[in-house]
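Shown next, in structure tokens, is the structure this report addresses.
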Amino acid sequence: MTIKVIIVDDQAMVRAGFAALLAAQSDIDVVGEAPDGREGVEVSRRAHPDVVLMDVRMPEMDGLEAARQLLDPPRGVIHRPKVLMLTTFDVDDYVYEALRAGASGFLLKDAPPADLISAVRVVAAGEALLAPSVTRRLIADFARQRPAPRRDGPAARRSGLTPRETEVLELIARGLSNQEIAESLVLAEQTVKTHIGRVLAKLGLRDRAQAVIFAYESGLVTPGQ
């Protein structure tokens, strides 16, 4: 099945470069572009893409607000694309908020071309794109600039997890892949996937990205631990 993508970035050269790269793939079709978040939302509502590549800082409407509008649409709007944020290290706070809003992950704008192509496929398949090293820095930077994680509501929700599920959630938050979690806990990778599915279902979370956010906000994991 072909993955439909739109690219939202205020730099025309970035849009053109990403579009050429992605359109060259047999399983990806670039169905639209936009120079700002407001137009990006409009294009998405018309084109119904599977994945939206969304820059963070743009005029008219930034990527964070655009992601919120796409992921929490008004009544009557059914389509909800996957949103992949494009960022640099100096906008980590915005990306954190985007993940809380339901974005499926983030990608550095200077990432190698192969990483961009892979990211689109990963996100389209329903997975979250969270590079371990970037995830750790992202959350650590956020925590240094914000109050300590809440331990009331989220912690109470976490009490419904089994000890093993809690272990899996903690390792997800530390940026480990499924394979690394399996090796750490001496489990089959398929068993890890099953545990992750149960964690998401019990906590009412959409994907792995929101699981990372939940783990920090509930106090299960704190930066520098």
Quiz item: If we only count heavy atoms from C-beta on, is the Leu220 to Arg158 side-chain gap below 4.5 Å?
Solution: yes

Quiz item: Hey, mind stepping through Leu203 and Leu161 against side-chain contact (heavy atoms from CB on, under 4.5 Å) and telling me if it holds?
Solution: CA-CA 8 Å; Leu203 298 178; Leu161 301 180; 4.2 Å; yes

Quiz item: Are Gln69 and Met61 close enough, and set up right, to give a side-chain contact (heavy atoms from CB on, under 4.5 Å), and what steps lead you there?
Solution: CA-CA 11 Å; Gln69 292 194 18; Met61 179 188 291; 3.2 Å; yes

Quiz item: Where is the tightest heavy-atom contact between Val83 and Ala67, given as atom of each residue plus distance?
Solution: CG1-CB, 4.1 Å

Quiz item: To the nearest 0.5 Å, what is the distance between CG (Leu107) and CZ (Phe18)?
Solution: 7.0 Å

Exercise. Indicate yes or no: at least one non-hydrogen side-chain atom of Leu185 is less than 4.5 angstrom from one of Val192.
Key: no

Practice problem: List in chain and number order the residues that pass side-chain contact (heavy atoms from CB on, under 4.5 Å) with His79, two or more places apart in sequence or in another chain; answer none if no residue qualifies. | Solution: Ser44, His48, Pro49, Pro81

Quiz prompt | Point-to-point distance, once rounded to the nearest 0.5 Å, from CG of Asp9 to CD1 of Ile7 | solution = 9.0 Å

Practice problem: Answer yes or no: is there a side-chain heavy-atom contact under 4.5 Å between Glu180 and Leu171? | Solution: no

Quiz item: Asp62 and Arg57: side-chain contact (heavy atoms from CB on, under 4.5 Å), yes or no, with the steps?
Solution: CA-CA 5 Å; Asp62 65 24; Arg57 288 183 174 174; 5.9 Å; no

Practice problem: Would you mind checking if Glu65 and Arg68 are paired as a salt bridge, meaning a charged N to carboxylate O distance below 4.0 Å? | Solution: yes

Quiz item: Listed by chain and number, what are the side-chain contact (heavy atoms from CB on, under 4.5 Å) partners of Pro163, not counting sequence neighbours?
Solution: none

Self-check item: Validation row: Val8, Leu53 side chains within 4.5 angstrom (heavy atoms)
Solution: no

Quiz item: What is the distance from atom CZ of Arg164 to atom CZ of Arg198, rounded to the nearest 0.5 Å?
Solution: 12.0 Å

Practice problem: Work out which heavy atom in Ala173 is nearest to a heavy atom in Val212; give both atom names and the distance. | Solution: CA-CG2, 4.1 Å

Quiz item: Between the side chain of Asp36 and the main-chain N/O of Pro59, is any donor-acceptor distance below 3.5 Å?
Solution: no

Quiz item: Quick one: which of His195, Arg208, Glu183, Lys193 gives a side chain to side chain donor-acceptor pair (under 3.5 Å) with Asn178?
Solution: Arg208

Exercise. Verify side-chain contact (heavy atoms from CB on, under 4.5 Å) between Met58 and Gln11, making sure each step is shown before the conclusion.
Key: CA-CA 9 Å; Met58 294 179 290; Gln11 298 181 48; over 6 Å; no

Quiz item: What is the distance from atom CG of Asp55 to atom CG of Leu64, rounded to the nearest 0.5 Å?
Solution: 12.0 Å

Quiz item: Would you say Val52 and Lys82 make side-chain contact, with heavy atoms under 4.5 Å?
Solution: no

Exercise. Over all heavy atoms of both residues, which pair between Ala103 and Leu71 is shortest? Give the atoms and the distance, please.
Key: N-CD1, 3.4 Å

Quiz item: Does the side chain of Met54 come within less than 4.5 Å of Leu84's, by heavy atoms?
Solution: no

Self-check item: Gap separating the CG atom of Leu176 from the OG atom of Ser184, nearest 0.5 angstrom
Solution: 6.5 Å

Quiz item: Can Glu170 and Arg174 be counted as an ion pair, charged N to O under 4.0 angstrom?
Solution: yes

Quiz item: salt bridge (charged side-chain N to carboxylate O under 4.0 Å, His left out) between Arg15 and Asp10: does it pass, once the steps are laid out?
Solution: CA-CA 8 Å; Arg15 296 198 308 273; Asp10 61 336; over 6 Å; no

Quiz prompt | Exercise: identify the closest heavy-atom pair between Arg45 and Pro74 | solution = NH2-CD, 3.8 Å

Quiz prompt | From OG1 (Thr194) to CD (Glu189), nearest 0.5 Å | solution = 11.0 Å

Quiz item: Would you say Thr166's side chain and Thr162's backbone share a donor-acceptor pair under 3.5 angstrom?
Solution: yes

Hey, can you pull the donor-acceptor pairs under 3.5 Å for the side chains in residues 20-30, sequence neighbours left out?
{"residue": "Gln25", "atom": "NE2", "partner": "Leu21", "partner atom": "O", "Å": "3.1"}
{"residue": "Asp27", "atom": "OD1", "partner": "Arg121", "partner atom": "NH2", "Å": "3.0"}
{"residue": "Asp27", "atom": "OD2", "partner": "Arg121", "partner atom": "NE", "Å": "2.9"}

